[in-house]
2 protein chains.
Amino acid sequence: MATSEGGRPRPTVRERLQQAAFELFDEQGYDGTTVDAIAERAGVGRTTFFRAFRSKEEVIFPHHDELLEQVRGRLDAASERHSLVAVFEASRLVLKHYLNEGELAQRRYDLTRSVPSLREREIAGMQQYQRAFREYIRTWMGDELRAELMAGSVITAHNVVLRRWLRGLAEDPVAEFDVAMTKVVELFGDRRGDPGGAGGAGATVVVVTHAGDDPSSIAGAVEAALRNDLAHRAP
Amino acid sequence: MATSEGGRPRPTVRERLQQAAFELFDEQGYDGTTVDAIAERAGVGRTTFFRAFRSKEEVIFPHHDELLEQVRGRLDAASERHSLVAVFEASRLVLKHYLNEGELAQRRYDLTRSVPSLREREIAGMQQYQRAFREYIRTWMGDELRAELMAGSVITAHNVVLRRWLRGLAEDPVAEFDVAMTKVVELFGDRRGDPGGAGGAGATVVVVTHAGDDPSSIAGAVEAALRNDLAHRAP
DNA sequence: TCTCAGTACGGTACTGAGTACCGTACACGT
DNA sequence: ACGTGTACGGTACTCAGTACCGTACTGAGA
């Protein structure tokens, strides 16, 4: 259902609302657009809008809750032996989600940069990921402060790469993500005599975190990551 | 003005509103309290409330803007030679602000833990400090990612100590702050061959960051910091 | 075909935050 | 006494979000 048998799939109410909303945001700005106007352009009633989206902001952050659940699931499913890899895979999950959103992510980025309330919302959302990471990391790492610092660093590294991609500065964001995560590992996993340390660091981890992906892409990603890494290392 | 000559200083409208607001928050919760109710209990009109506070949330985060300005000022005033110390002093400024707030900080903490919208607000506020740190650090440190990670870590370390104090777990939060910042320095300032590195690490920095404080308290703080540090270091 | 239940939708009315505007009282300096 | 600024209260408005009700469509079973 929601797609008639014949021609192109008929957009759902939710999709029509989202389309109308972003059109109006472009034309009049976020604050200048009322929910009534969105519903009217989508050809539905105001009530229907609030049935499709819990709030006006949720039009812009549509799949946040599901993604958060996926992240938690990925972390919970990980065995204790591969905790660090689990954190990487989970944060990579977030990055890939944004990459898949494509244009929507870009438009949201523009909006969050210009509308303070949306920026707050986005930050708060990121904090939820950080919270998930933090709680998970703390279970395997004794040090509370250290776990907190690492969780924050994972999120930060993710955000740096994501922002670069959103600004069109990153040709291969996934490779950059691996480089960034490698730096995080160098920071946290490469300690002197620390017990409970996270094992090896550097390019090895890059390969491991690619485990769930298409094998043919691994070689290229590693190559790009190493090239990037070397460029940063010794100038 | 605003204090009559004679007995105790007459509370300003702003103070009366804040008092009334927190009373009602305790009695009925944040969402269950309307601005009308706050104004009524304070004995003023609704309009006056919005003249004293820009929003209902601002009753709970009253001096945020000023503090942010102080942080920016402290960073801008720092000479390039002591960048790391400037970051520490600025983040210490934030911590001390909360410590000085005393009971208000505790009540806000309780509220932010139970009301999601307030938690978002608090997180967004912290992000502004992080932004100030990030932009400052990036000017002296070439590496964007590294600056971002460090700024995030400074904020995180601050928050960990602050939360411990708010939960009544920290006897000497300032000393714990110094320990936490020392760990951050170990993480970021103690690199192998990195140029632009942040010089020495460890307890030395603790002394330096105390430069602006009462000299008599330095000895005790250093002693406490070292004791704490040793307890964490070799168990 | 009729009926019944579930669902999806629209409409109305309400609460509450935040804004704009106007009127007024009470401080001052002259 | 006379303006003048300022602080305050009141009214009326916009808009997000909620609650509730009525109705049209749909599909299963008799």
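These numbers come from a predicted model, not from an experiment. Labels below follow one simple rule: chain letters A, B, ... track the order of the sequence lines, proteins then strands, and each chain is numbered from 1.
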Which of these nucleotides, C:dA17, C:dG11, D:dT11, is closest to any side-chain atom of B:K56? C:dA17
Look at the side chain of A:T47 and decide which nucleotide, out of D:dG17, C:dG11, C:dC21, has an atom nearest to it. C:dG11
B:F49 has an atom CZ; how far is it from atom P of C:dG16, in whole Å? 14 Å
Under 6.0 Å from the CZ atom of B:R163, do we count more than 12 heavy atoms belonging to anything else shown? yes
Go through D:dA16, C:dC9, C:dG18 for me and flag the one nearest to the A:R51 side chain. C:dC9
In whole angstrom, give the distance that lies between atom CG of B:D31 and atom P of C:dA17. 9 Å
Under 3.5 Å, is there a donor-acceptor pair between the B:Q19 and B:E15 side chains? no
Over all strands shown, is B:G43 touching base, sugar-phosphate only, or nothing at heavy-atom distances under 4.0 angstrom? sugar-phosphate
When we call it a touch if two heavy atoms are under 4.0 Å apart, what does B:T33 touch: a base, just sugar-phosphate, or nothing? sugar-phosphate
Are the ring centres of A:H158 and A:F88 closer than 6.0 Å? no
note: A:R46, atom CZ; D:dA19, atom P; distance rounded to Å ~ 13 Å
A:L17 CG to C:dA8 C1', in whole Å, measures 13 Å
Distance check needed: C:dA17 P versus B:L24 CG, whole Å only. 12 Å
Identify the two heavy atoms, one from A:S153 and one from A:V184, that lie closest to each other, and give their separation to 0.1 Å. O-CG2, 4.0 Å
Take the protein atom CZ of A:R54 and the nucleotide atom P of D:dT18, then report the distance between them rounded to whole Å. 10 Å
Step through the shown structure and confirm whether more than 12 heavy atoms of other residues, nucleotides or ligands are within 6.0 Å of CD on A:Q70. yes
What nucleotide among C:dG18, D:dA16, D:dC8 has an atom nearest to a side-chain atom of A:D36? D:dA16
Rounded to whole Å, how long is the line connecting atom CD1 of B:I38 with atom P of C:dG18? 10 Å
Which residue lies toward the 5' end of DNA chain D, B:G45 or A:Y30, if each is placed at its nearest nucleotide? B:G45
Spacing between A:E58 atom CD and D:dG17 atom P, to the nearest angstrom: 10 Å
